[in-house]
2 protein chains.
Amino acid sequence: MIKVVAKKFVKQDKLDEVIKLYEELVEASRKEEGCIKYELFQDDKDSTILAVIEEWESKDALAKHNNAEHFKRIVPMIAKLVLPESTVNVYNKLI
Amino acid sequence: MIKVVAKKFVKQDKLDEVIKLYEELVEASRKEEGCIKYELFQDDKDSTILAVIEEWESKDALAKHNNAEHFKRIVPMIAKLVLPESTVNVYNKLI
């Protein structure tokens with residue numbers, strides 16, 4: 001199982017726009033083969049911090065996701081609306 | 001459901017020690033009431049980046065966790081072995 005945490009610092013006035021884009025990305029991604037979980041979260045103290053937390057059956061499934069039409073269309077749009085300190089980490093489970 | 005992502009940048013020569021401490025913390029935390037998930041992950045590209053990804057039934061369950069003996073004993077020990085840029089985010093689910 002592969003875990004992905006994409007942490008986004010959203011530009012102040014772009015939060016609704018980003019959430020709207022994520023609604024489409026989440027819905028399409030959940031239908032992909034090998035997608036175990038694909039969820040959007042909001043920081044409890046700072047509403048401009050969002051996190052997409054994903055679970056994939058394999059690296060192969062994640063690679064296909066990164067090549068999917070909806071990913072290649074929507075992710076660059078979101079990238080314009082978030083700050084550069086945003087991060088994406090791909091994790092393997094230890095315990 | 002409350003999600004917690006604790007991202008730790010481990011000091012170069014302290015990785016084994018930190019993982020050992022997490023083994024105890026993970027085992028004890030999973031037994032707590034309201035703990036849905038409590039897992040340790042390692043970044044696929046940088047082995048010194050660890051993430052604890054937790055799911056709790058409620059804020060109350062998380063608050064009890066933060067007050068638990070094992071948490072108050074082990075977490076400060078880990079804190080000495082990781083870099084200051086380490087972060088902890090508490091999230092609410094949006095989608």
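Naming convention: chains lettered A, B, ... in sequence-line order (proteins, then strands); numbering from 1 in each chain. Quick note: numbers below take in every heavy atom, side chains included, and nothing from hydrogens, waters or symmetry partners.
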Which answer fits Val90(A), side chain, backbone, both or neither, if we ask what part of it has an atom under 4.5 Å from a heavy atom of chain B?
both

Find out if a path of hydrophobic residues (ILVMFWY) with successive side-chain heavy-atom gaps under 4.5 Å connects [X] to [Y].
| X | Y | value |
| --- | --- | --- |
| Met1(B) | Tyr38(A) | no |
| Leu40(A) | Leu81(A) | yes |
| Val82(B) | Met77(B) | yes |
| Val26(A) | Leu21(A) | yes |
| Leu15(A) | Leu25(A) | yes |

Take Val5(A) and Lys7(B) through the side-chain contact (heavy atoms from CB on, under 4.5 Å) test and state the conclusion after the steps.
CA-CA 10 Å; Val5(A) 178; Lys7(B) 184 174 176 182; over 6 Å; no

By salt bridge (Lys or Arg N to Asp or Glu O under 4.0 Å) - contacts of Glu39(B) (at least two apart)
Lys93(A)

Interatomic distance, Lys45(B) atom NZ to Asn92(A) atom CG [nearest 0.5 angstrom]
10.0 Å

Taking atom OH of Tyr91(B) and atom CG of Asp44(A), what is their separation to the nearest 0.5 Å?
11.0 Å

With Ile95(A), the side chain to side chain contact (heavy atoms under 4.5 Å, CB included) member among Glu27(B), Glu23(B), Gln42(B)
Glu23(B)

Within residues 48-72 of chain B, contacts to chain A at heavy-atom distances under 4.5 Å involve Ile49(B), Leu50(B), Ala51(B), Ile53(B), Glu55(B), Lys59(B)

Heavy-atom proximity to chain A below 4.5 Å, by part of Ser47(B)
neither

